[in-house]
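We count ligands from 1, going down the list as the structure has it; atoms in each ligand are counted the same way. Just the heavy atoms: all of them, side chains too, but no hydrogens, waters or symmetry mates, feed the values below. We count residues from 1, following the sequence as given.
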Amino acid sequence: MPSVEIKTGVYWIGVNDRTTDLFEGIWPISKEGVSYNAYLILDQKKALIDLSKAIKTDEFFDQIGELAEPSQLDYVVINHLEPDHSGVLRTLLKIAPDVTLVCSEKCREMLSKFYGIGKNVRAVKDGETLSLGKKTLRFVMTPFVHWPETMMTYEESDHLLFSCDAFGSYGALRGGLFDDECRDPDFYEKEALRYYVNIVAKFSGPVLKAIEKLKGVALRVIAPSHGLVWRKDPGRIIDLYQKWAGYASGDVPAGITLIYASMYGNTEKMMNAVAQGISKTGLDLEVFDAARTHVSYILPSLWIRSGVIIGAPTYEGSLFPPMSEVLNMAAVKRIFNRKACLFGSYGWSGGGQRELLSRMESLKWDVMDKFEFCGAPSQADIRQGIGLGEGFARRLA
Ligand code: FEO
């Protein structure tokens, strides 16, 4: 995508990635894509803010070359070392060996570990400034949003915040860079939530601290390292991040995520009965087949809803493996303190529910109802399933 001037002398020069299948090697983005937003500031001194993953490297440097000679860059600000933002760094240093890398002290250590780089690194402290001429950069330490070395960079004359991962989203840019050019904001907000829960949610405490730190700072433009640049309504993405980070406490809106898996359709039959019961109450519901839905898409629903219903068959005396994977990842992402119901089928001796119950303890999910049935559900079982769904939904509402 061609460069875009976002303020006088400040350019978006990012890379739109529509070919990577798994972000961080885990999270599917083959349908949605992602952008690695980097920025170039042309003043008396020339500074890059963040870089890109090492794909389309020629395109990245060509974009810079249309605006400035890459070998003449003075600074590269590295807000965050994760290689989706720093992957082209060694190539850059071959082109511009004298450029100064500006980063946090922690990042300075990590530069050595990740890239063997120790020369021309300037570690900055919280609140420190760097004059580029007419423009001045101020560095704001925001550790663990999303790695320990992370900081944000604020440009004082334009009130422009380069926020790196914070306030970002999955979703390649579709021509429009700014929130006011975007014709499908629902897509980006949904992908911002998925990105938040997949990547950042475990660090919700540091996110809230960072947002608190930004209070009182005039913010006219928020330029994250992924997704849209927010210039019409920067408060919108801050409010969303604040709301989502707040859910880490377990104080979450009423609603149900119903996750099921079924080997031969018996647990699926029961899932339909349970969903029918929930539907009598009108409570918000999302349903996922754990075996056919990547956990990336299930986690956001768990994050924003207070209730979970798990329906899974016993598999070789234990919990059905695809469901086990969903619960593992919920624990990794610290999705704790939810209300839960369990159901499932077994063929002879059971065992799935026993394992489910022990998982509930480690997740701190409060089990309010549960039942198991053998083989195919009987009419009485189906009635019980409808009652379970309705009763659970009424207790949550
Ligand atoms: Fe976009 Fe934490 O890297």
Q) Does NZ or CZ of K364 lie under 6.0 Å from the centre of the six-membered ring of F336, at an angle within 45° of the ring axis? A)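 Here K364 passes the 6.0 Å and 45° test against F336.
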Q: Test the K31-Y297 pair against the cation-pi criterion, namely NZ or CZ under 6.0 angstrom from the six-membered ring centroid and within 45° of the ring axis.
A: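 The answer is yes; both the distance and angle limits are met.
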(Q) Between atom 1 (Fe) of ligand 1 and H226, which N, O or S atom of the residue is the nearest one? (A)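 Output for this pair reads NE2.
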Q) Partners of F373 by ring pair (Phe, Tyr, Trp, His ring centres under 6.0 Å), sequence neighbours excluded? A)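 None.
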Q. Got a sec, which residues hit ring pair (Phe, Tyr, Trp, His ring centres under 6.0 Å) with Y260, two or more places apart in sequence or on another chain?
A.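 Y260 satisfies ring pair (Phe, Tyr, Trp, His ring centres under 6.0 Å) with no residue once adjacent residues are dropped.
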Q. Which residues satisfy the salt bridge (charged side-chain N to carboxylate O under 4.0 Å, His left out) test with D289, sequence neighbours excluded?
A.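 Residues passing salt bridge (charged side-chain N to carboxylate O under 4.0 Å, His left out) with D289: R292.
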(Q) Would you call the rings of H80 and H85 parallel, tilted or perpendicular, taking 30° and 60° as the class edges? (A)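 Taking H85 first and then H80, their aromatic rings sit tilted (interplane angle of 30° to 60°).
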**Q.** Atoms named by residue and atom, protein N, O or S, within reach of atom 2 (Fe) of ligand 1 (under 2.8 Å)
**A.**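 Metal shell, protein only: H80 NE2, E82 OE1, H146 ND1, D165 OD2.
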